[in-house]
Amino acid sequence: MFIRPEIQRIHGYVPGEQPRGGKFIKLNTNENPYPSSPAVQRAIGKAIQSGLQRYPDPLATAFRERAAEVYGVPPDWILCGNGSDDILTILTRAFVGEGDLLRLPFPSYILYKTLAQLQGARSEEIYFRPDWSLGDDFAASAERLKIVYLANPNSPSGTVIPPDRVLVIAEKLPCPLLVDEAYGDFAEGNCIQLVKQNEKIMVSRTLSKSYALAGLRFGYLIAQPQIIEQLLKVKDSYNCDALSISGATAAIDDQAWLANNLAKVIATRQRLTAELRKLGFSVVDSQANFVWCNHPAKQARSLYEELKAAQILIRYMNYAGWGDGIRISVGTDEQIDALLGLLQGMV
Ligand SMILES: Cc1ncc(COP(=O)(O)O)c(C=O)c1O
């Protein structure tokens with residue numbers, strides 16, 4: 001084998017199950033249960049009609065211009081990617097070299113650690129406190145620390161580190177802080193305006209969750225332009241294709257669709273949380289489109305397995321040295337009723 005030893009040694013990131021057959025109710029990968037804005041399909045249809053023989057715009061200018069208006073920043077503060085995972089890959093490649101250190105909270109999005117491993121770099125996991133806050137060790141200096149990743153809202157908890165605390169952390173850190181706001185639209189606050197205050201703060205976003213476009217693959221970074229300029233050298237020339245650029249631009253242009261969808265998802269999240277508590281679950285208050293819970297009388301793994309046998313997929317997570325639990329994505333009201341009905345008979 002000629003593969004680099006650090007690649008052979010690692011397990012690689014394992015995404016949530018995406019079953020192809022069966023009639024599963026899918027509540028395991030935090031997708032949006034509703035179809036995206038109809039404007040997206042129309043825009044993609046138009047892009048197909050005008051032909052795909054040419055390369056796409058390497059900068060996704062149309063999206064950048066529209067997103068710039070939405071967030072009140074200039075277009076050159078935005079970098080587009082093939083999902084926000086692509087943004088995370090670009091950042092890790094740009095900031096973290098072999099032997100360097102990447103910091104992440106624990107438990108959180110597992111991909112951050114995998115990205116460090118792919119670089120031949122080290123990673124340092126700082127445990128959340130029991131109330132899902134982060135202590136000052138998250139902001140401490142460390143030798144060769146090159147970037148810190150913070151999922152905010154966090155997965156699997158759905159909890160948020162408030163923007164004023166994020167600013168304090170960034171000011172103390174000796175390196176940039178990437179605030180991964182994949183679930184930011186579902187939360188009460190966000191850190192986008194902090195990017196203007198401190199060049200160390202960068203925010204990544206995705207259309208996969210709140211815009212119901214996980215299949216389209218489109219994410220973006222908001223950072224100061226001197227950083228974006230460097231990151232452009234690292235990304236693939238055409239990392240977003242012509243169809244995803246047109247679909248994404250139409251999606252972000254339809255803020256009325258977004259507001260309506262967020263209201264539905266958040267209302268269902270609140271109902272799901274309350275109903276789970278009535279069944280005896282301990283549920284963390286979530287600001288995302290999923291909830292993290294455990295039941296005192298029933299093992300999390302059994303719940304996952306029994307629900308799967310009944311064609312409902314949720315995410316079972318077992319974090320070594322920390323514990324396990326289940327993460328349930330917010331589905332439609334009908335899907336959540338089906339889930340709750342089954343759980344009633346299980347706990
Ligand atoms: C915290 C977090 N960040 C980023 C992503 C990646 O999203 P995408 O690559 O679809 O934009 C996910 C997906 O589940 C996530 O949970």
Side-chain angles (χ1 to χ4, degrees), residues 12-18 26-33 36 40 60 63 67 78-92 102-116 118 123 125 128 132 134 147-161 166 177-187 190-191 202-222 235-236 239-241 244-245 247-248 251-252 265 269 284 286-292 313-317 319 325-331:
Y13 179 74
V14 184
E17 292 165 85
Q18 302 291 354
K26 249 190 115 280
L27 305 174
N28 67 329
T29 47
N30 303 339
E31 290 138 332
N32 200 303
S36 59
V40 173
F63 179 88
I78 297 169
L79 171 77
C80 299
N82 182 26
S84 57
D85 283 349
D86 183 33
I87 296 294
L88 296 170
T89 298
I90 293 167
L91 287 169
T92 315
L102 178 157
R103 179 177 292 157
L104 62 151
F106 183 80
S108 186
Y109 190 34
I110 296 161
L111 180 70
Y112 306 146
K113 191 173 176 169
T114 309
L115 291 172
L118 292 173
S123 56
E125 290 171 325
F128 278 105
W132 296 98
L134 284 166
I147 198 163
V148 176
Y149 284 164
L150 173 67
N152 207 35
N154 184 49
S155 173
S157 58
T159 50
V160 165
I161 304 295
V166 170
L177 171 67
L178 183 271
V179 188
D180 175 349
E181 293 191 351
Y183 305 101
D185 282 326
F186 302 104
N190 65 64
C191 293
M202 304 178 284
V203 174
S204 62
R205 288 263 169 148
T206 180
L207 299 195
S208 297
K209 315 293 182 180
S210 53
Y211 288 88
L213 288 169
L216 191 72
R217 310 305 303 135
F218 202 94
Y220 49 102
L221 178 78
I222 303 173
K235 80 175 188 75
D236 291 347
N239 60 332
C240 300
D241 64 77
S244 79
I245 295 170
I252 200 149
V265 171
R269 177 186 79 205
V284 183
S286 168
Q287 293 206 32
N289 65 337
F290 53 84
V291 299
W292 175 248
L313 267 189
I314 58 167
R315 192 82 182 255
Y316 169 73
M317 298 294 236
Y319 297 97
I326 53 173
R327 196 191 65 191
I328 305 172
S329 307
V330 175

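Order of listing sets the numbers, starting from 1, for every ligand and every atom in it.
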(message) For G83, state whether at least one heavy atom is located under 4.0 Å from any atom of ligand 1.
(response) yes
(message) Tell me whether T29 has any N or O atom under 3.5 angstrom from an N or O of ligand 1.
(response) no
(message) Show me which atoms of ligand 1 lie under 4.0 Å from any heavy atom of A182.
(response) 2 (C), 3 (N), 4 (C)
(request) Could you tell me which atoms of ligand 1, counted from 1 in the order shown, lie closer than 4.0 angstrom to a heavy atom of Y183? (result) 1 (C), 13 (C), 14 (O), 15 (C), 16 (O)
(request) Give a yes/no verdict on whether any heavy atom in F218 is under 4.0 Å from an atom of ligand 1. (result) no
(request) Carefully, step by step, assess N82 and D236 under the rule side-chain contact (heavy atoms from CB on, under 4.5 Å). (result) CA-CA 10 Å; N82 182 26; D236 291 347; over 6 Å; no
(request) Specify the protein heavy atom at minimum distance from atom 10 (O) of ligand 1: its residue, its atom name, and the distance to 0.1 Å. (result) S208 OG, 2.6 Å
(message) Please list, in number order, the atoms of ligand 1 under 4.0 Å from a heavy atom of K209.
(response) 13 (C), 14 (O)
(request) May I ask you to check whether over 12 heavy atoms, not counting those of K235, lie within 6.0 Å of atom NZ? (result) yes
(request) Report the distance from atom CD1 of I87 to atom CG of D180, rounding to the nearest 0.5 Å. (result) 10.5 Å
(message) Between ligand 1 and Y109, is the shortest N or O to N or O distance under 3.5 Å?
(response) no
(message) Considering non-hydrogen atoms of the protein only, which is the closest contact for atom 7 (O) of ligand 1, and what is the distance?
(response) S84 OG, 3.3 Å
(request) Identify the heavy atoms of M202 and I147 that sit nearest to each other, and give their distance. (result) CE-CD1, 4.0 Å
(message) Quick check: closest heavy atoms across K209 and A182, and the distance to 0.1 Å?
(response) CG-O, 3.6 Å
(request) Could you pull out the closest heavy-atom pair between S210 and D185, with the gap in Å? (result) OG-OD2, 2.6 Å
(request) Identify the protein heavy atom lying closest to atom 9 (O) of ligand 1, giving its residue, its atom name and the separation to 0.1 Å. (result) R217 NH2, 2.7 Å
(request) Measure the distance from atom 6 (C) of ligand 1 to every protein heavy atom, then report the residue, atom name and distance (to 0.1 Å) of the closest one. (result) D85 OD1, 3.1 Å
(message) Quick check: Y112 and ligand 1, any N/O pair under 3.5 Å apart?
(response) no
(request) Would you please say whether a donor-acceptor pair under 3.5 Å links the side chains of T159 and N154? (result) no
(message) Assess the residue pair D86 and R217 against the criterion (salt bridge (charged side-chain N to carboxylate O under 4.0 Å, His left out)); give the C-alpha distance rounded to whole Å, side-chain angles, the decisive distance to 0.1 Å, and a yes or no.
(response) CA-CA 9 Å; D86 183 33; R217 310 305 303 135; over 6 Å; no
(request) Report yes if some N/O of T206 lies less than 3.5 Å from some N/O of ligand 1; otherwise report no. (result) yes
(message) Once you measure the plane-to-plane angle for F218 and F63, does it fall in the parallel (<30°), tilted (30-60°) or perpendicular (>60°) bin?
(response) tilted
(message) Looking at ligand 1, is there an atom of it that comes within less than 4.0 Å of some heavy atom belonging to D180?
(response) yes
